[in-house]
There are 4 protein chains.
Amino acid sequence: MSVTKKASIQRRRDQQRPTDAGWRQELYDIIFEAETPSGRWFDIVLLIAILLSIAIVSLETVEGWSSVSFLEAGEWTLTALFTLEYLMRLACVRHPLKYARSFWGIIDLLSILPSYVGLFLGRSSRSFVILRSIRLLRVFRVLKLWRMMDEADELGTAVWRARNKIVVFLAVVLVAVTISGTLMFHIESVAAVEFDPENVKTTQFTSIPQAMYWAIVTMTTVGYGDVVPQTIVGKVIAAALILLGYSLIIVPSTFVTAEIMSHTTHESKITCEHCGVEDVREDAAYCYRCGTRL
Amino acid sequence: MSVTKKASIQRRRDQQRPTDAGWRQELYDIIFEAETPSGRWFDIVLLIAILLSIAIVSLETVEGWSSVSFLEAGEWTLTALFTLEYLMRLACVRHPLKYARSFWGIIDLLSILPSYVGLFLGRSSRSFVILRSIRLLRVFRVLKLWRMMDEADELGTAVWRARNKIVVFLAVVLVAVTISGTLMFHIESVAAVEFDPENVKTTQFTSIPQAMYWAIVTMTTVGYGDVVPQTIVGKVIAAALILLGYSLIIVPSTFVTAEIMSHTTHESKITCEHCGVEDVREDAAYCYRCGTRL
Amino acid sequence: MSVTKKASIQRRRDQQRPTDAGWRQELYDIIFEAETPSGRWFDIVLLIAILLSIAIVSLETVEGWSSVSFLEAGEWTLTALFTLEYLMRLACVRHPLKYARSFWGIIDLLSILPSYVGLFLGRSSRSFVILRSIRLLRVFRVLKLWRMMDEADELGTAVWRARNKIVVFLAVVLVAVTISGTLMFHIESVAAVEFDPENVKTTQFTSIPQAMYWAIVTMTTVGYGDVVPQTIVGKVIAAALILLGYSLIIVPSTFVTAEIMSHTTHESKITCEHCGVEDVREDAAYCYRCGTRL
Amino acid sequence: MSVTKKASIQRRRDQQRPTDAGWRQELYDIIFEAETPSGRWFDIVLLIAILLSIAIVSLETVEGWSSVSFLEAGEWTLTALFTLEYLMRLACVRHPLKYARSFWGIIDLLSILPSYVGLFLGRSSRSFVILRSIRLLRVFRVLKLWRMMDEADELGTAVWRARNKIVVFLAVVLVAVTISGTLMFHIESVAAVEFDPENVKTTQFTSIPQAMYWAIVTMTTVGYGDVVPQTIVGKVIAAALILLGYSLIIVPSTFVTAEIMSHTTHESKITCEHCGVEDVREDAAYCYRCGTRL
């Protein structure tokens, strides 16, 4: 992350930092920042709590586990914890109302409300699961933790640098998917019906969107097998499309690789002003060829 | 794209450019060229219209959506638009008849005709979908837009440079597929029948072409699962073939990667003005072929 | 493997080496070391014996083969061999009791006990197969053979160097899997039920963990097809997730590649004797850090 | 291919080359060599004939096509052609009997015999297809054609250079497959039976070899879906194994890539004796740095 970007994020955050030195400022640094050790610990505990609450939401959808008592107990403990955290966040920011109406403020509220509302109304419907899943979004907030990690940053940068190639790649894939899908629909469904009207019931290529779904599932080599060609001509065309599509996917993904690697391996070379070699390491103190102090 | 190639494409196009400066020449530049801002906008609008019409053709094949009124309305709006575009193209070219008989002229006509014919005859058959799908081909015309994009050009060049390796790769794959297919057919079908004549009904390797279809689906790791070995020997051979085939696919696709990357990473080559070699290192002091000081 | 690491392993082993030169020391070198030719042969024979016993354990689970006599004969021959080996190991180490209580000593005992116990109790249950499978762990002991091979060592080093990137990669995959799984469960199961209550029986996304299992199987392009989306919205979202997930998997695995390759291709690094930096270019005339003439 | 290897192949072949200059020597050069234009044409025609005969053998196994007359006509034409070729080969070699007893001599005979034998006995069984498929092996003989192509040669060399890594890779895969297979069998089959004896009927992990087949199909991301985990624990373990196995496959295949690429891009560099630069192109006439004639 560049210094400018970091500074801009810092400035935005500081608008909410309490001006008076005291417990509110200390609490703010723990809850909203990750630079201090206690701030880091707070984020790690919060991450584990969020992951646990997601695990509970997930397990409650498994048949037979929906009313297990320790899941419910865990759910209430975590809801209490998140409520406490929400109140603490409100307590330590400079403008509580402004925070409550911000994006993360609303997400924080939405991740505790459903449990309380469910208490009054009873859990009548599965829809409550949807609302509770909003907690998942809070994982992204804690990700500020690893925005600090160089690896994740490098990954993001590489993907960003290759964005043009990714767009061309997606465009090529979409055109290929549309053409393959339309072709296979006509072969498997329309042509089969022309020759044998009873066939229309058994074909799995029931519509062009369905055939395009098949094309994506096939070209990415996922290959579920829920939609497969059944006529001989369909199988021949499918085999040809698989080989073609395989090349289509391989070649552009290679491009992304090339993009990333050229920046990983040759990223930071400088020129020696004395002898003119251009591939001196950026962190070198002396030129490797002429020995001049850089 | 080299300068020579661009010039040759330009010359071919210019044969249809009206000689008299006026509205026809301006219209021609908008419709047939993509260099001017309005020409670019025309292409983008046309691309969206084509994609929309493809979406409508696709959705009409979904059961229950075939007579939704807004789809029909959209279809007619787009047909009107394409008709207008066709007439405009005829109006602004130097020789309208020559254009009407050219490849793109016929495609343009074929993409509007089925809608009008369908009006008189009624939509009795699914075959009309096939005719309307011809519009898909028109996407390629608009692709002149991104032939300008360096990424797509680079991609094409890389694939072209690796063409020999792709041919060897396809040959190796085809030989492997034929041998695997024949082998598996004998094991799963013929051998099984010799031992247990009732087996012939249940085997999924009903013929050698079917077994070759299995081999392609397996070696590209698509793995639908509609054709799978069922005897123990068949499974052992299949497992061995998967591992072998995996290597066969991985190694040559690596070759394509190597080909692309060697051209991507060492891109900065200069030309020797004395002898004309084009791949001199950028940091060279002397040409490696004629020894001229650069 | 660095010299220091080798020495430390050597020292640990030597604690069990008999002090008196004689048959015990010779036997020890054959059984516990792999440097001498006879020690190498012992390991190879042992490896084959272990693999054979694993093959027998495997084949006995195949229906109809569980009581084939030559399998049972082979089993008893190998058990006798392993018993002899266990006794020999006990005989040649300096402190037999210490060996018997060490990790490998217990594994050695556990891999022969079940056969003898089964003799007295009769093979009443399939559980005995589990106990006999412990022998599989002994393969790792013989792997000291190929810890000597440079290739395996290099592989291990490369994976170790890329460990940070692998962790980030797994974290990204897990977050993506959780989000995809929760999303698809809501679309395929909850949303479908809201519109059509009878749908709950047929959906394959019965719970969020099931949907997460689907997401892993899909994003790694395995694609069994035992869980597939069945609603139109579900298929559209699934297709988008496949393309996104494909990129998610491709890009980080490229990172691991880049990591490995940067160490493989620029291998020839030399050490500066003056300041001790280890990654000086082989063709350097001066150290890049201290500027000493090399 | 190295010059020595080429010479050794040449010498072996020359033992059969007729000593007397005349039609036999000319025929020999056409049939057995591929250096002359007519020799190349002979090989191409032969390759097409073999591919055609394989296509006929394949198509005859398709239900309903087994007695199509033009297939039978083609079969007899090709058999006649192969018989003529066999007689011509016998006619032009120096020692016909020695050729008839060589590997290729026997293959040549075996690829025409079944058709004649079938004429006398009638085609009673599918076993004849097996015998006729031997013709497939003859494709390899014609491959001498593309042993001349640099790409195929380079591919073979790269695979050969990476052989040690491929062996380690296969060993790692086999150990991983055995452990995964044994583990999944115990979880899906044995453990399930202990808890619920009725389960034994429905599990798809019927034996350890079956579970190992599943592990190979899964770890290579083929994923047929004919064998899938059905218990919750099984699915969790399977998901973990997929992610682990994915890494196991990705990392070593990267090694093969690294091996190939380091030889492709840096294959042939020479050292300038005057200034000492080491990465001068092998085909350079002058050093790129000091301009010295090499």
Identify all side-chain donor-acceptor contacts of residues 44-53 of chain A below 3.5 Å with residues at least two apart in sequence or on another chain.
from, atom 1, to, atom 2, distance (Å)
A:Ser53, OG, A:Ile50, O, 3.0

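- Heavy atoms closer than 4.5 Å to chain A are found in the backbone of C:Val227, but not in its side chain.
- Atom CD1 of A:Ile216 sits about 11.0 Å away from atom CG of C:Leu241, to the nearest 0.5 Å.
- Listed here is the closest heavy atom pair of C:Pro209 and A:Ser58: CD-O, 3.3 Å.
- Shown here is C:Ile232, whose CD1 atom has no more than 12 heavy atoms of other residues, nucleotides or ligands within 6.0 Å.
- C:Thr218 is linked by a side chain to side chain donor-acceptor pair (under 3.5 Å) to A:Tyr224, C:Trp214, counting only residues two or more places apart in sequence or in another chain.
- A:Asp226 contributes atom CG, which lies 8.5 Å from atom CD of C:Gln204 (distance to the nearest 0.5 angstrom).
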